[in-house]
Each structure stands twice: as C-alpha cells, then as structure tokens.
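Whatever order the structure lists ligands and atoms in, that order sets their numbers, starting from 1.
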Amino acid sequence: MAITTDCLVLGSGIAGLTFALSAARHGSVIVVTKRAREDSATAWAQGGVAAVLAADDSVERHVADTLTAGAGLCHDLAVELCVKEGPAAIRQLIDFGVPFSRNEHGELDLGREGGHTARRVAHAGDITGREIERTLLARAAETPNIQLLDWHMGVDLIVLSKFGGPDTCVGAYVLDEKNGVVKRVLARQTVIATGGAGKVYLYTSNPDVATGDGVAMAYRAGAEIANMEFYQFHPTCLHHPQARTFLISEALRGEGAILRHPETREAFMKRHHEMADLAPRDIVARAIDFEMKKSGSDYVLLDITHKPASFVKERFPNIHAECLRYGMDLTERPLPVVPAAHYLCGGITSDLHGRTSLPGLMAIGESACTGLHGANRLASNSLLEGLVLGRRAADKVGVLLPELRQSPWPDVPEWQIGSAVPSDEAVVVTQNWDEIRRLMWNYVGIVRSDSRLRRAARRVALLEEEIREYYWKHLVTRDLLELRNIATVAELIISCAASRRESRGLHSTLDYTATRADLAEDTVCKRGVLPHLRGR
Ligand code: SIN
C-alpha cells in the first residue's frame, strides 16, 4: 500500500518547516526527517537571520553586501527578493513566538557579522536556530494537516520515467529506520529541504545529519545541480579534541573579537583585508589557512578578552558555557580556532518558487541553489532564504494543487529488495566514509589545485564503484544511504571545482589564481551531463 499526500517534504529544518506550515493551508503535508525532528543544522545556527530592520540600514545596502560577498555570481532577482521579504519573514517569526533578543528600549537587538556593513542580524542570544526550530516544530505539531515522520529517510525519488512515464517526480521511497521497511510515499509535490553536506569533509560545523541526501537524490533522479565547488568554510570552530564541530559564532567578531597569530599575537586580518576581522567569510577562512600553513600551527586565536566579561557572558551565554565545559573561559583567554566546512552554496537549481528542473520536485534551503549566495554566502542570509523560499514555494503549491489533484495516483511498484541481504561488514561503510572525508579535506579544501583535484577524482570514482557494488547486494540502512550520498556529493564538488578555471569566492585554486570576468557564470551539471558554465 502506498502512502499518499499532497506534499512530501524531506527535511525538518527552517525551510522544510516553513514550507510545511504554509502549505498545510492548502492540503496535507508529510514531513520526513531522518533522526529526531529537531536534529537539523537550523537548530545549530548561532548567528541569526539577516534582514533590514534598523533605521540606518537599507535594502540597497543589504543587497550590495550580499552581492559583494557573492563575488559576481549572485542572481540579482533572488537577492532583491530575499532582502525585500526579510523584514516580513522576521515579523512572522515574532508572531509565531520566537524570542528574539531586544535592547533596553524593547527594540530588536541587531548583531553584526562578516561582510555586513550594518547591524542587521536578528538573534535570540547565541541560540537563534534552536529557538526558531523549537517554535516552528511546536506549531507544526499542533497543525492537523502536518504529519511528521521522525527516523525516516528518503532513499530515492520516484520518477515516472523509470517506469515508462514522463519525467516527473511523484514522491519518494522512504526508509523507516525503526523496522528497516522501505515505504512508497506518493505526493502531488515533493520538496527537498534536507540541508547541506558538511559531513563530506573531515572537519565541519554541521550536525551528523548533514550528508547531502537531497542533492544526491535529486542528482540521481536527473535534476540539475549547480555551483557545488562553492563550499563555505566557517573561519572559527573551536580547536579541541573533544569539540571538533563546535562553532564560535562570527557574531563574536561582530562584537569586536580579534583573530590573532598563535605565537606573535599579531592581529593578522589587518594584513589581509580592509574590513579586517569583519571581511567576508571566504577571505577570513583563507587568511587563517594561510597563517596556519605559514607558521605550522594547528590553530589561530580568537580574542575577546578586551570586552567586559559580563557583556560576553550575557551576549554569548551558550558559547561561554560550552567553552567552559572544555576548560576554556573566553572572557579570560583567547580561544584556539580553526576553519571547518560549514555551508553548501550550490545545490539543486531552483527558481524563486522553489521549482527545480524536474517537474513535481521543489528544492528549498541549503540543498537548493537559487542564486542568492553566488560564490560565497553572506553570513546569516541562509535562515533568511529558508524562510522566504519556504513560504514562496508553499504559495506556489497552493496555486498548483487543484490541477494536480485531478490526476489519478500513478501506478508505481513497491520498493524491490531483490536478493539483498543484511549488511554484514559495517567496516566497509566506516572505512569508505573516513577515506572520503579525509581526501576531501586534504585535496578539495580551502585551497585547491588541478593535481589535487585529479587525485581526489580518481579516489572517489574507485570508492563509488565499491559503494555501488556493496549497495546493490545489501539491504538499505541509514549508514549505507548516507555513505552513498556523501560519495555522490564529493564527486559533484570535485567535478564542479575541476571545471572552474579561475579563483572566485569560495573556490580558490593555485593553478588559476585570477578571477576572470568572462567566467562569471554558474557551473551546472546533471546526471550524464558534465559540469559546464552557463550564463544567468
Ligand atoms: C555564525 O554564527 O557565525 C554562523 C552564522 C551563519 O553561518 O550564517
């Protein structure tokens, strides 16, 4: 028996939940989430939501900052739309009950982050994402049209062309992790909101769920993918053996924290950019990488000890408490920090209503590439994009649904297990997983070269072959699906990076150090079509 629904949403972060809450006004929504519902990158977001909210700020300035960070690849329309719709999106979150921080006059307390020329980041202390996620989940739980399926993971999209029909997505095969059964979920509209893929790198600020599942599924289904070479590294994650993924928010630098050389204590960012510690993120991450490689140090220092301890504790209570757990008091001593993979700027190409190149499939949030981020995302623009595009996609579904409901449910087969047997060698999964993450870190990290990319491509091709062989012989498990997806994402990042013969934004290569005006185009690819540049 197939499960049927108007909308199937894969992912329970800010984009997926915003979509679900709006779409529930038009029809039934199933939200599939592969662990507990609150396990999403949204819940880990410390910074906040960027929007024009201050009297001395303007749409033009936010647009200009986004375009500057995006290094010539932002799509103007996507930027204008997200920036213009930002204030209304924040107002809606306030109406929903998100407890944004306020100053003594009761006005929103606005933070500043790298690349922003004004204070415009609405935040809830330093746990903004957690508060947004909690609020949206609470609303979703009390919305009758929304059904949340925790511990369920998309295996593959169902595309009718596989069964002799048109090239249309009509749902997904979904693994119920509790009993290992793969369910057939048919939907009028399928929406990928599975977030990013930080786990493709050895060091990441992302939660374990960030394995690029949506991008990999969409790619296998034939949807167009773009700009995968632009992986953003957050400049400052805590360097500690037990805290490899703990982010130290850029908002600290927004409040005056300074990056220092670990031995000389020099404030080195002044040498790298006129905005010093508040330069766009790609520049700060590359500067740290440069200083670490030059000095042979494993980290640099982030220093906020010159600010009053009471202010730091009040503004960053979570970061302060978390650092104390690791024996570090940031009010007294600078923190050791390193860059780590943070945000996927590319993804499934989608328009300003979330529609992808595959009919029946939408993509929103970090798994989508709308053109907002270009070659480098401006800090705190991503929660904004999730809110704006989540709502716009749902509005479009509201328009499309009456007609979509006229068609009978398609006749597609149940998931076939064939002669697959239970996975017998977990070591194959862990070994391949470790290899991919390490080679991506070493060969496809902050600074790249043709020869490193060639090495990476050869190794990933070999690993993908092994994974494919293992996959078809064994029953699907979450680990195996994630490994398959991460390998696909690695292949896409490498092939997009190898096709870009310049350095731009987050893609920096020793072989082509200049940025070329004639190459200011998106890298697009799809299954069977190699990455190539396409004008906007
Ligand atoms: C941060 O708080 O530094 C992260 C914000 C973001 O990535 O947008």
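In this structure, H261 has its ring center no closer than 6.0 Å to that of F268.
Below 4.0 Å from some heavy atom of G47 lie the following atoms of ligand 1, by number and element: 2 (O). Residue contact check: E250 has heavy atoms under 4.0 Å from atoms 1 (C), 2 (O), 3 (O) of ligand 1. With ligand atoms numbered from 1 in the order given, ligand 1 contributes 4 (C), 6 (C), 7 (O) to contacts under 4.0 Å with heavy atoms of H342. Annotation for ligand 1: atoms under 4.0 Å from non-hydrogen atoms of R281 are 1 (C), 3 (O), 4 (C), 5 (C), 6 (C), 7 (O), 8 (O). Atoms of ligand 1 lying under 4.0 Å from at least one heavy atom of S380, given by number and element, are 6 (C), 8 (O). Taking every heavy atom of A379 and a limit of under 4.0 angstrom, the matching atoms of ligand 1 come to 8 (O).
From the protein, the heavy atom lying nearest to atom 2 (O) of ligand 1 is S249 OG, 2.6 Å.
Considering backbone and side-chain atoms alike, R377 places an N or O below 3.5 Å from some N or O of ligand 1. Considering backbone and side-chain N/O of N381, none are found under 3.5 Å from N/O of ligand 1.
A salt bridge links R325 with E322; the closest basic N to acidic carboxylate O contact falls under 4.0 Å. A salt bridge does not link D277 to R253: none of the charged side-chain nitrogens sits closer than 4.0 Å to a carboxylate oxygen.
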Stepwise ring pair (Phe, Tyr, Trp, His ring centres under 6.0 Å) test for F233 and Y201: CA-CA 10 Å; F233 288 74; Y201 285 102; 5.1 Å; yes
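Taking every heavy atom of both residues into account, K307 and G256 meet most closely at CE-CA, 4.3 Å. Heavy atoms only, all atoms of each residue included: R315 and E255 are closest at NE-OE2, 3.6 Å.
Under the 4.5 Å side-chain criterion, counting only non-hydrogen atoms from C-beta, V284 is in contact with I288.
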